[in-house]
Amino acid sequence: MVSKQAFLFSLGSIYLSLLFIFLLMDVYARPANNSALKVETKEKAADNKDENEILPPDHLNGVKMEMDGHLNKEFHQEVFLGKEIEEFDEDSEPRRNRRKLAAIFSKVDRNEDKQISASEMQRWIMEKTEEHFQEAVNENKLHFRAVDPDGDGHVSWDEYKIKFLASKGFNEKEVAEKLKNNEDLKIDEETQEVLDNLKDRWFQADNPPADQLLNEEEFLSFLHPEHSRGMLKFMVKEIIRDLDQDGDKKLTLSEFISLPVGTVENQQAQDIDDDWVRERKKEYEEVIDADHDGIVTMEELEEYMDPMNEYNALNEAKQMIAVADENQDHHLSLEEILKYSEYFTGSKLMDYARNVHEEF
């Protein structure tokens, strides 16, 4: 018969053994080196940064339509806030945001009559659009250096291609060597399709006389087609090509409001699709189709897309005023702008009515 002491000793041994096993499991379950994980994360972030620096962005600040043909849902905020758009978010302290909005109101109200007219809003929209332009120019200087390592002021398509593939995980030296020897790069189909589209865009950005080299200004047009009339035309052609179903190089309402690729699987998706149709129908009929003949030509879409079109800026100013003009006097007061802050800033400034008189 086992004694009580022996039994307790046996239990203690089993407990210690199990504890040892759990400790071992914990050690092996942990990453061998936490700092190694951090380095890997930083490397991935760096890779994404490199790719973002040399790829044309899908979203262009201050342009009414995205590169893929979607409407720019942040357009109103971009042309009203300019570079300050990032300072307004739902997490910001409402009182501070109200003060920022009041400061912007004072700048827009050029004649200091405590209200904003359409012409004042038009001038402001043009200024904020120019602000986005200048931001793109400054960023382009850095991006151009990234693809012009020898600093000769020109980048060839092959030089760009090497950098692009390196950002996708290819070995930069191997790619350069294979291109030099005209060897097959063995690129997957998806990456090749992106490269083909980029190549078309590259040669469009190459101003005559074409030399297949881009300088800094041409590279800016490559990344930001809104900076060049020729590239803006190319961008419009690309959008019409993607939306035009009958090949007549024009857009009917039904073509413009066609739902994005995908099926409606639930009510939430159906609501999103309904919003898509409603927003695009309104934009097509009221803004893009300038002569209201039910057909949008390349010329009409180009005028609509041109961010520096003063006539568009005036129309936009009138639209923005109409949204918040509660007393229908065709002007905006500070109270009206604060009440419709979500439209102008993307951020709802809570309890505006209670605070507006206290603060201003």
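No experiment lies behind these values; they were computed from the predicted model shown. Throughout, residue positions are numbered sequentially from 1 according to the sequence presented.
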Derivation of the salt bridge (charged side-chain N to carboxylate O under 4.0 Å, His left out) call for Lys128 and Glu131: CA-CA 5 Å; Lys128 295 296 108 178; Glu131 206 171 88; 2.8 Å; yes
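Ion pairing between a basic and an acidic side chain is recognised when a charged N comes within 4.0 Å of a carboxylate O; Lys281 and Glu285 show such pairing. In this structure, Glu127 pairs ionically with Arg123, as a charged nitrogen and a carboxylate oxygen lie closer than 4.0 Å.
Under the 30°/60° scheme for interplanar angles, the aromatic rings of Trp202 and Phe219 are found to stand perpendicular.
Other residues, nucleotides and ligands contribute more than 12 heavy atoms inside 6.0 Å of the CD atom of Glu279. For Gln328, the CD atom sits in a packed shell: over 12 heavy atoms of surrounding residues, nucleotides or ligands are nearer than 6.0 Å.
Side-chain contact annotation: Asp109 with Ser106, donor-acceptor N/O pair under 3.5 Å absent. Side-chain N/O atoms of Asn61 and His59 include a donor and acceptor closer than 3.5 Å.
For the ring-ring contact (aromatic ring centres under 6.0 Å, His included) test, no residue two or more places apart in sequence or in another chain qualifies with Tyr340.
Applying the side-chain hydrogen bond (donor to acceptor under 3.5 Å, both in side chains) definition to pairs two or more places apart or across chains, those involving residues 301-321 are Lys64-Glu316, His76-Glu316, Arg229-Glu302, Arg229-Glu303, Arg229-Asp306, Lys233-Glu302, Glu283-Tyr304, Glu303-Asn309.
Note: the hydrophobic cluster containing Leu214 does not contain Val137 (ILVMFWY, side chain heavy atoms under 4.5 Å, direct or indirect links).
Between Tyr160 and Phe222, the ring center distance clears the sub-6.0 Å criterion.
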